[in-house]
Number of protein chains: 2
Amino acid sequence: MVKTNPNFMNGVPELLVLRLLSEREMYGYELVKEIRAVTKESLGFGEGCIYPILHSLEEDGVLASRRRQVNGRSRYYYRLTAAGAPRLEKLAAEWERVRRGIVLAMGGMRERFAGV
Amino acid sequence: MVKTNPNFMNGVPELLVLRLLSEREMYGYELVKEIRAVTKESLGFGEGCIYPILHSLEEDGVLASRRRQVNGRSRYYYRLTAAGAPRLEKLAAEWERVRRGIVLAMGGMRERFAGV
DNA sequence: TTGACATACCTCATAGTTAAAGGTATAAGC
DNA sequence: GCTTATACCTTTAACTATGAGGTATGTCAA
């Protein structure tokens, strides 16, 4: 098994942010709402979670931002840099490893527990 | 979306412990090794993670233990109590919600990123 | 014109979990 | 006698998401 973070399951918000920004540039407030929308309310992260991620990823050079005025509102749009794609692939691969591990361990759950 | 823990993604070790103990009673050291085995080394949790879980779940009445001497070795075997099954179902349902959310958000990843 | 609400940015303290490393003791194999 | 595996345990530290807070602008209705 591969070591990742002190708490190995964390980093999902970062994964989703990178994934969404791989489609098109977005601003923080938009990401917060979009994550709720695309996951059909299954997942949702507050601004106190998303903004720090955007800032630290930009500091790492994974994201770049530009300021835009839209309808008199100031927004910071973020996009993936060249370093963003490999980072996204790495996180996605880690997620897939975790997912597979849990599926293996949970195998046969439905047959025994009808409610699940 | 449903609120769970301060860090919503945690609790996977507990889920796997409950799942394995729903099959048969096991002792701590055995659980540590079994989790690695059944997940094919995809996941692994140290004793510093598993033992506190066993203790707190027993305190909550979700698990019960009995001491056994096997080959001159003292082992504490844990099994699910009546309160264990619903707890397992609840955690499994939460995991399924998270999994579905991520699948939705990641949709179409493979088509765009060949390496994943 | 005042108030409420949505947008859009941000920070901080807290809670909770896992990783990593340490410790004790017994049994088995060389 | 030494090492390795078993089997239990604890503690420290790192990290992350939550929840609550703050600022400021724009829109709309009363």
Side-chain angles (χ1 to χ4, degrees), chain A residues 1-17 25-37 39 42-60 63 65-78 91 94-95 98 101-102, chain B residues 1-17 25-37 43-60 63 65-78 91 94-95 98 101-102:
Chain A
M1 109 167 226
V2 187
K3 287 288 154 40
T4 55
N5 284 328
N7 194 336
F8 82 114
M9 279 296 281
N10 294 338
V12 170
E14 181 179 324
L15 171 62
L16 299 194
V17 163
E25 68 173 5
M26 299 176 77
Y27 54 98
Y29 193 76
E30 184 183 12
L31 277 164
V32 170
K33 300 213 165 300
E34 186 71 4
I35 287 177
R36 288 186 196 276
T39 65
S42 293
L43 299 178
F45 304 100
E47 302 168 43
C49 174
I50 298 302
Y51 282 117
I53 286 175
L54 292 173
H55 300 158
S56 77
L57 286 181
E58 182 171 27
E59 201 171 351
D60 290 354
L63 299 182
S65 68
R66 63 179 178 125
R67 188 176 196 166
R68 284 179 63 190
Q69 297 287 338
V70 181
N71 297 338
R73 296 204 172 276
S74 178
R75 295 172 177 168
Y76 288 96
Y77 280 85
Y78 291 87
L91 275 184
E94 268 174 30
W95 160 253
V98 170
I102 297 181
Chain B
M1 106 171 229
V2 187
K3 286 288 154 41
T4 57
N5 285 326
N7 193 337
F8 82 112
M9 283 293 285
N10 295 336
V12 170
E14 180 179 325
L15 171 62
L16 299 194
V17 163
E25 67 174 6
M26 298 175 77
Y27 53 99
Y29 192 75
E30 184 183 12
L31 277 163
V32 170
K33 299 214 166 301
E34 186 71 3
I35 287 176
R36 288 185 196 276
L43 298 177
F45 304 101
E47 302 169 42
C49 175
I50 297 302
Y51 281 118
I53 286 174
L54 292 174
H55 300 157
S56 78
L57 286 181
E58 182 171 27
E59 202 172 350
D60 290 356
L63 299 182
S65 68
R66 63 179 178 126
R67 189 175 195 167
R68 283 179 64 192
Q69 297 287 336
V70 180
N71 297 338
R73 296 205 170 277
S74 178
R75 295 174 179 168
Y76 288 95
Y77 281 84
Y78 291 87
L91 276 183
E94 268 174 30
W95 160 253
V98 169
I102 297 181

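Lettering follows sequence order; numbering is per chain, from 1. Just so it is clear, the structure is predicted and the values come from calculations on it, not from any experiment.
- Per the geometry, CZ belonging to Arg67(B) stands 12 Å off C1' belonging to dT26(C), to the nearest Å.
- Tested against Leu31(B) for a side-chain contact (heavy atoms from CB on, under 4.5 Å), the candidates Ile53(B), Leu16(B), Leu54(B) yield a single pass: Leu54(B).
- Comparing Cys49(A) and Tyr76(B) against DNA chain D, the residue whose closest nucleotide sits nearer the 5' end is Tyr76(B).
- Near DNA chain D, meaning a heavy atom under 4.0 Å away, there are no residues from residues 25-35 of chain A.
- For dC8(D), the OP1/OP2 oxygens have no side-chain nitrogen or oxygen of His55(B) closer than 4.0 Å.
- At whole-Å resolution of the value, CD in Glu47(B) and C1' in dT12(D) are 17 Å apart.
- Within the 4.5 Å cutoff, side-chain heavy atoms of Glu14(A) are placed close to those of Leu57(A).
- Ile53(A) places its CD1 atom 10 Å from the P atom of dT18(D), with the value rounded to the nearest Å.
- Distances from the side chain of Pro52(B) to the nucleotides dA17(D), dT10(D), dC10(C) place dT10(D) closest.
- With respect to the salt-bridge test (charged N to carboxylate O, under 4.0 angstrom), the residues Arg66(B) and Glu25(B) qualify.
- Remark: Tyr51(B) is in phosphate contact with dC8(D), judged by side-chain N or O atoms under 4.0 Å from OP1 or OP2.
- Contacts of Arg73(A) with the nucleic acid, taken as non-hydrogen atoms under 4.0 Å apart, include base atoms.
- Distance, Leu54(B) CG to dT10(D) P: 11 Å, rounded to whole Å.
- We find that CD of Gln69(A) is positioned 13 Å from C1' of dT7(C), with the value rounded to whole Å.
- Between Tyr77(A) and Tyr27(A), the distance from one ring center to the other falls under 6.0 angstrom.
- The distance from atom CZ of Arg36(B) to atom P of dA19(C) is 9 Å, rounded to the nearest whole Å.
- With a 4.5 Å cut-off on side-chain heavy atoms, Glu34(B) and Met26(B) count as touching.
- Here the OH atom belonging to Tyr78(B) is positioned 5.0 Å from the OG atom belonging to Ser65(B), to the nearest 0.5 angstrom.
- The nearest whole Å value for the distance from the CD atom in Glu59(A) to the P atom in dC10(C) is 13 Å.
- The separation between Arg75(B) atom CZ and dT26(C) atom C1' is 12 Å, rounded to whole Å.
- Note on residues 46-57 of chain A: no pairs pass side-chain hydrogen bond (donor to acceptor under 3.5 Å, both in side chains), not counting sequence neighbours.
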